[in-house]
Undergrad: 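Submitted below is the structure of interest, expressed as structure tokens.
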2 protein chains.
Amino acid sequence: MKAAGVVVEYNPFHNGHLYHLNATREMSQADVVIAVMSGNFLQRGEPALVSKWARTKMALMNGADLVFELPYQFSTQKAEVFANGAIKILDAVGCSTLCFGSESGDAESFTATVNFLEQRRTIYDSLIRNHIKTGVSYPKAASLALDELKAPHGTISLSEPNNILGYHYVKSIQSLGSKIEPLTVKRKSANYHDEDFASSTIASATSIRKSLFTRSGGLDSIKQYIPDGTMQSLEEYLADFLQFHSWDMYWPFLKYRLIQSSPDELNSIYEAEEGLEKRLAAVALKAESFFEFMEAVKTKRYTWTRIQRLCTHILVNAKKEEMPNTEDSPEYMRLLGMSRLGKLYLNRNKGHFTLPVVSKLSAFSGIGIELDKRASYIYALGLAGSKSQKLLEMEYSQPPLFIEKR
Amino acid sequence: MKAAGVVVEYNPFHNGHLYHLNATREMSQADVVIAVMSGNFLQRGEPALVSKWARTKMALMNGADLVFELPYQFSTQKAEVFANGAIKILDAVGCSTLCFGSESGDAESFTATVNFLEQRRTIYDSLIRNHIKTGVSYPKAASLALDELKAPHGTISLSEPNNILGYHYVKSIQSLGSKIEPLTVKRKSANYHDEDFASSTIASATSIRKSLFTRSGGLDSIKQYIPDGTMQSLEEYLADFLQFHSWDMYWPFLKYRLIQSSPDELNSIYEAEEGLEKRLAAVALKAESFFEFMEAVKTKRYTWTRIQRLCTHILVNAKKEEMPNTEDSPEYMRLLGMSRLGKLYLNRNKGHFTLPVVSKLSAFSGIGIELDKRASYIYALGLAGSKSQKLLEMEYSQPPLFIEKR
């Protein structure tokens, strides 16, 4: 059986994701599609809209056959570490292709860019450092440095978020010496950061979330952009837990923790550096909402995303020593769900998997899984009273989901 | 001008307190009454029902002339340390008498008991240790040890909470070599721990709080037990902040912190010992309310109060190294409010005060005041949204209250 891999967050699953899954199956000619999906906290340093279980269900109903959780150690990271963790898992489960969405749409241009920059590693890094000294963010500096190197035709632009991720997927595949073949699907209609709807059926997850949280919006406003399965999952989530998750929900805890921590404790948090954490603590004292807080702390140097990631680590108490180095591998792969075909693939191939599969949280131990437990419990605490307890208990009792047919 | 001191919490101020203040003035023949009052968190490890400002107002309207805050370092402590902090402040401001409420009502019997036990210190301490080994709490062990020593007639029973406090006041006065003369007023009608009303005008603060939080209770149910000034203050508090404070309000933060902390962090908290903190963390994961949590963790060895104090320290992140030794002195005295007479006393005598008076939080620095700031900010976080921010800002901008006349 041939497996194609995808790296996803499904926050929430929408028509663009469905298009990507279908294209993956078609382009790769694979029998099964394996998704590595961020758990409770996502790459941009945000809590997921709904639990990993609800998002796993959306994935399975729409074409994914196996869903593994990308551990907190990798899901809440800059592109390089995020990509490395995801690729290590897809390689460990024997995927022969990876199919990612990108602004470019041409897989060879990613390989060409990786090769071009690898040959110029030293100068590229020093150009990036020079730009950072002028006060710009890392992603901006990396993109400017690439421009200066006058990359030839046939390389990609690194100013687009999905191109950056794709670049790191391909780079990880190369460093790992993996046999995974990278494929890419050009994103349709919507750009990653779009906040408004621009097409009648395809919208970015960002614009969908924005509409969900708007007073005049809600579920009806996003209906045309999501498959039926997503709508059903979101409705069930509201019925079960009354709310979707957002930073607003965790703001009281973040503020509390920023006020309560000693400077040493804050400094021990992953990505706390250069006194940024002290500024966060001082601003928190005066801010009434998460948005007000973020507006007051962001700068040209520290992007919204960079600060949100630090806030996530403060919320979860993720220490420097608990987080991986760029090249580290996940310790385990938590299986979140499977289709009938996925189960078959698992039974046939798991003997060759190069990382342990975990179905129950209590069945494994280690720094990474402890962090995942903590992150899920804290994710659950955002809900009120008994709903919080209900989600928290799901975290340690929920076996992988199984969908017989779609 | 002659000053009498009282040590209070006023949670809330009731008719029994009014009786005590009037008796203090009468017995001592003092010109002014100086109160040392616990700040946001109280001796039994609880958040105060209303802010220190609201309680200061109650005190001033009912006969206190100066109100100083007993810092967090001393207010959240077992009787010995609590008493030591309070007496050091009353001594520093030049009180010539202390008047405390007690079950005994006879000041000489307190002095007799202190003398009796000081002469038997070694054997008394070893008897206490033996009782603790059988699994009973410290207060229980101390009371049993005193019984075994067959204290003569004219000594007090150490099984009553106000007698224990009084004993430690008198002991502190002696160790300090202070000239303060101890006086005591026998408590009327209500016992400290009474949960139900037993008289038509005097009720314990415990029973008053219980009735306030009962669905059928509320402000009307306690009217007969509190002076008009208290009623007015409580009504204003509800109008301004919508809620009274209780542990329920802080439970989400405590639960979050217990789940989020590393074992080392929990162990660094004051009074965390013998793995008790690990048990709290494990139980918190499964408890939906503070009451459910407390019921599950309390034992014969660890009283409700002992555990509540530890919970307060965990909530506030009060570390072992931030808390005082038994004999330590407060670093400063925060002035919360004054009457016209109190102001006169202050102006005439502050040159002789042996500890610095602080009127603005920003005017002083040190471990003790940092802890007080943190405790007040966290106390404010219990309220919702803008109310929380309002109370938090009062903490660093509110000057001492002044009441021209009552």
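A note on names: the letters A, B, ... follow the listed sequences, proteins ahead of strands, and every chain is numbered from 1. As the structure is a prediction and not an experimental result, all values here were calculated from the model.
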Undergrad: If we ignore hydrogens and angles and just use 3.5 Å, is the side chain of Ser75(B) paired with the main-chain N or O of Phe41(B) as donor and acceptor?
TA: yes
Undergrad: Do any of residues 273-282 of chain B come closer than 4.5 Å to chain A, heavy atom to heavy atom, and if so which ones, in number order?
TA: none
Undergrad: Rounded to the nearest 0.5 Å, how far does CD of Glu46(A) lie from CG of Asn11(A)?
TA: 7.0 Å
Undergrad: Please classify the contact between Glu265(A) and chain B as side chain, backbone, both or neither, with a heavy-atom cut-off of under 4.5 Å.
TA: side chain
Undergrad: Go through the atoms of Ile259(B) and report whether side chain, backbone, both or neither lie under 4.5 Å from a heavy atom of chain A.
TA: both
Undergrad: Ala384(A) versus chain B, heavy atoms under 4.5 Å apart: side chain, backbone, both or neither?
TA: neither
Undergrad: Is the shortest side-chain heavy-atom distance between Gln73(B) and Val81(B) below 4.5 Å?
TA: no
Undergrad: Report the option among Lys286(B), Glu322(B), Gln389(B), Lys319(B) that has the most heavy-atom pairs separated by less than 4.5 Å from atoms of chain A.
TA: Gln389(B)
Undergrad: In Å and rounded to the nearest 0.5 Å, what is the CG to OG1 distance from Leu310(A) to Thr305(A)?
TA: 12.5 Å
Undergrad: For the atom pair OG (Ser376(B)) and CG (Leu391(B)), what is the distance rounded to the nearest 0.5 Å?
TA: 8.5 Å
Undergrad: Can any side-chain N or O of Asn84(A) pair as donor or acceptor with the backbone N or O of Asp328(A) at less than 3.5 Å?
TA: yes
Undergrad: Between Tyr379(A) and Ala48(A) (side chain of the first, backbone of the second, donor and acceptor by atom type, cut-off under 3.5 Å), is there such a pair?
TA: yes
Undergrad: Taking side chain as C-beta onward, heavy atoms only, is Trp247(A) less than 4.5 Å from Leu315(A)?
TA: yes
Undergrad: Examine distances only and state if a side-chain atom of Arg334(A) and a backbone atom of Pro400(A) form a donor-acceptor pair shorter than 3.5 Å.
TA: no
Undergrad: Among Met394(A), Lys390(A), Lys387(A), which residue satisfies the side-chain contact (heavy atoms from CB on, under 4.5 Å) criterion with Asp240(A)?
TA: Lys390(A)
Undergrad: Of all the residues in residues 359-375 of chain B, which have a heavy atom that comes within less than 4.5 Å of a heavy atom in chain A?
TA: Arg374(B)
Undergrad: So which bits of residues 249-257 of chain A come within less than 4.5 Å of chain B, counting non-hydrogen atoms only?
TA: Pro252(A), Phe253(A), Lys255(A), Tyr256(A), Arg257(A)
Undergrad: Evaluate the criterion salt bridge (Lys or Arg N to Asp or Glu O under 4.0 Å) for residue pair Arg44(B) and Glu9(B); output intermediate values, then yes/no.
TA: CA-CA 10 Å; Arg44(B) 286 207 267 170; Glu9(B) 300 208 301; over 6 Å; no
Undergrad: So that I can tick it off, tell me whether Glu395(A) and Lys52(A) are bridged by a salt bridge, with the cut-off set at under 4.0 angstrom between side-chain N and carboxylate O.
TA: yes
Undergrad: Would you mind checking if Lys298(A) and Glu295(A) are paired as a salt bridge, meaning a charged N to carboxylate O distance below 4.0 Å?
TA: yes
Undergrad: Does the side chain of Phe68(B) come within less than 4.5 Å of Val357(B)'s, by heavy atoms?
TA: yes
Undergrad: Please name all residues satisfying salt bridge (Lys or Arg N to Asp or Glu O under 4.0 Å) with Glu288(B), sequence neighbours left out, ordered by chain then number.
TA: none
